Novice: 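Let me give you the structure first, and then I'll get to my questions.
Remember, it's a predicted structure, so these values are computed and weren't measured experimentally.
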Amino acid sequence: QCTETICHVLTLKVKMFNHLCDKFSQIVGTTTHPKRLPNETELELLEYISRELRSAVTMWDDEQELRALWACFITDQPFEPVAYAWKHIGFQRDDPTSDIRGGGRLALHNLLYFAETHPATVSAMCDRQRAKRHASNYEKGFPWAAAGINVSRTLCEIFNVCGTGGIPKDFKTVKSESWHLLTDKKAYNELFCLFFELVERHFDEQDAGYFQFNSILQDARTAFEIAVKDRAAVDVAGLRSILGFDNSKTKDVVPATPTSNAHVPLVQHKH
């Protein structure tokens, strides 16, 4: 009888404790966003991302964007669809469409947005990695464009657009804590920029070589996925703060250019 009484008292205390926990959660909220299915606006953006990821980049269809990307970096020679100069931007082949194939048209959109919207950030990133590559006989650092294509693809995996190897996923049925970040195309591009910056920070902290890029990319992915679940990550600015980036630098000041070219040169091509 004594044992039954003790068990009864303990059961009451457990129920009271659970009740107090429920009340506390209602008052202060949880530390993460609740999991839910994507809403109509988010689905529309996810479908766009999926479509662009699967769309191949060709010089015939995408020359305008490729010209714009070239103009962001190279100002001392006219645009060439196939040229060694593309390697100065971080492509691994003379034909950029061969490299971009892995990330589809989406990767081209992401790279161009980053270069046009945040030229000072991209310029500093390219300078740092170029200096590391030259000083280490190309054992350290990474080529900007090639790395960015991998970052773009990995971001698609984070948001359940595709799985490893590019296999499409049915994001319509996935419950996630991060759908709220997908407000529009600009927000998604900003997520790409932030993730790319995070990858570089992890890369530099570990003084990694390019052959370690995939493992560093996964480390950055883990940190990014933890951060997007935080309740404070209500938008990209909140996510930047959680990850330790200065929001005052999210809008680069674009210096005036003396030419009619609307794109600011980030790399002066040397013959």
Side-chain angles (χ1 to χ4, degrees), residues 44-119 121-123 125-126 129 142-159 161-162 165-169 171 182 184-197 199 213 217 252 254 257 259-269:
E44 184 178 343
L45 180 58
L46 285 164
E47 287 166 356
Y48 161 80
I49 293 168
S50 178
R51 184 172 61 253
E52 294 303 287
L53 172 64
R54 299 192 311 270
S55 298
V57 174
T58 67
M59 194 57 63
W60 179 266
D61 294 322
D62 303 291
E63 181 179 345
Q64 184 176 354
E65 278 193 89
L66 289 165
R67 281 181 176 274
L69 187 62
W70 173 285
C72 285
F73 291 86
I74 300 168
T75 59
D76 63 343
Q77 68 182 80
F79 171 78
E80 294 181 64
V82 179
Y84 183 82
W86 285 108
K87 293 184 178 180
H88 289 268
I89 302 175
F91 290 98
Q92 296 183 307
R93 299 175 178 83
D94 293 354
D95 180 358
T97 63
S98 297
D99 284 3
I100 299 175
R101 186 178 295 117
R105 190 171 286 143
L106 180 68
L108 177 57
H109 298 333
N110 290 157
L111 292 172
L112 180 58
Y113 178 91
F114 199 4
E116 288 189 322
T117 310
H118 305 292
T121 300
V122 171
S123 180
M125 184 183 288
C126 289
Q129 297 309 318
F142 58 75
W144 183 79
I149 293 165
N150 282 284
V151 169
S152 178
R153 181 64 163 271
T154 304
L155 192 63
C156 288
E157 294 176 16
I158 291 173
F159 284 99
V161 173
C162 69
I167 301 172
K169 293 182 71 174
F171 46 77
L182 302 182
D184 53 32
K185 293 176 185 177
K186 179 181 178 181
Y188 187 77
N189 276 315
E190 286 294 336
L191 286 168
F192 165 79
C193 299
L194 173 57
F195 187 36
F196 202 168
E197 290 181 78
V199 169
F213 186 81
L217 182 60
D252 291 350
V254 181
T257 174
T259 68
S260 59
N261 190 345
H263 305 288
V264 181
L266 300 175
V267 178
Q268 187 68 24
H269 176 56

Novice: For the residue pair Pro143 and Gly90, what are the closest heavy atoms and their distance?
Specialist: CB-O, 3.3 Å

Novice: Any non-hydrogen side-chain atom of Phe91 less than 4.5 Å from a side-chain atom of Ile100?
Specialist: yes

Novice: In the structure I gave you, are the side-chain heavy atoms of Trp144 and Gln129 within less than 4.5 Å of one another anywhere?
Specialist: no

Novice: Provide the closest heavy-atom pair for Cys156 versus Ile49 in the form atom of the first, atom of the second, distance.
Specialist: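 Taking Cys156 first and Ile49 second, the nearest heavy atoms are SG-CG2, 3.9 Å.
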
Novice: Can you tell me if Trp70 uses its side chain to pair, donor with acceptor, with the backbone of Ile89 under 3.5 Å?
Specialist: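 Answer holds: no.
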
Novice: Just do the side chain to side chain contact (heavy atoms under 4.5 Å, CB included) check on Val199 and Phe213 with the steps written out, would you?
Specialist: CA-CA 9 Å; Val199 169; Phe213 186 81; 3.9 Å; yes

Novice: Identify the heavy atoms of Trp86 and Glu80 that sit nearest to each other, and give their distance.
Specialist: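 Heavy-atom minimum between the residues: NE1-O, 2.9 Å.
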
Novice: Once you round to the nearest 0.5 Å, how far does NZ of Lys186 lie from SG of Cys193?
Specialist: 10.5 Å

Novice: Where is the tightest heavy-atom contact between Arg93 and Ser98, given as atom of each residue plus distance?
Specialist: CD-CB, 3.5 Å

Novice: Between Met125 and Glu197, is the side chain to side chain contact (heavy atoms under 4.5 Å, CB included) condition met? List the steps.
Specialist: CA-CA 8 Å; Met125 184 183 288; Glu197 290 181 78; 4.2 Å; yes

Novice: Just jot down the ring-ring contact (aromatic ring centres under 6.0 Å, His included) partners of Phe159, sequence neighbours excluded, or say none.
Specialist: none

Novice: According to the side chain to side chain donor-acceptor pair (under 3.5 Å) rule, which pairs have a member within residues 101-115, sequence neighbours left out?
Specialist: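 Found Glu52-His109, Asp62-Arg105, Glu65-His109, Asn110-Ser152, Asn110-Asn189, Tyr113-Glu190.
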
Novice: Applying ring pair (Phe, Tyr, Trp, His ring centres under 6.0 Å) to Phe192 and Phe196, what does each step give before you reach the verdict?
Specialist: CA-CA 6 Å; Phe192 165 79; Phe196 202 168; 5.7 Å; yes

Novice: If you count heavy atoms of other groups shown closer than 6.0 angstrom to CD of Glu44, is the number above 12?
Specialist: no

Novice: What's the shortest heavy-atom distance between Cys162 and Leu53, and which atoms?
Specialist: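 For Cys162 versus Leu53, the nearest heavy atoms are SG-CD2, 3.9 Å.
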
Novice: List the atom of Arg153, the atom of Gly103, and the distance in Å for their closest heavy-atom pair.
Specialist: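 Minimum heavy-atom contact is NH1-N, 4.4 Å.
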
Novice: Measuring from Leu111:CG to Leu106:CG, what's the distance to the nearest 0.5 Å?
Specialist: 9.5 Å

Novice: Should Tyr84 and Asp94 count as side-chain neighbours, where that means a heavy-atom distance under 4.5 Å?
Specialist: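 When only atoms from C-beta onward are counted, Asp94 and Tyr84 do touch, with a gap below 4.5 Å.
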
Novice: Would you mind reporting whether Tyr188 and Leu182 have side-chain heavy atoms less than 4.5 Å apart?
Specialist: yes

Novice: Hey, does the side chain of Asp99 reach the backbone of Ala146 with a donor-acceptor pair shorter than 3.5 angstrom?
Specialist: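 No, the answer is negative, given that no donor and acceptor are paired below the 3.5 Å cut-off.
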
Novice: Please confirm whether the backbone N or O of Ser50 pairs with a side-chain atom of Arg54, one donor and one acceptor, at under 3.5 Å?
Specialist: yes

Novice: Which residues satisfy the salt bridge (charged side-chain N to carboxylate O under 4.0 Å, His left out) test with Glu63, sequence neighbours excluded?
Specialist: Arg67

Novice: Please say which of Leu66, Asp61, Val82, Leu108 ends up in a side chain to side chain contact (heavy atoms under 4.5 Å, CB included) with Thr97.
Specialist: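 Passing option: Leu66.
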
Novice: Indicate yes or no: at least one non-hydrogen side-chain atom of Thr121 is less than 4.5 angstrom from one of Phe114.
Specialist: yes

Novice: Please answer whether the main-chain N or O of Arg51 pairs with a side-chain N or O of Ser55 as donor and acceptor at a distance below 3.5 Å.
Specialist: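 Judged by distance alone, yes, a pair lies under 3.5 Å.
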
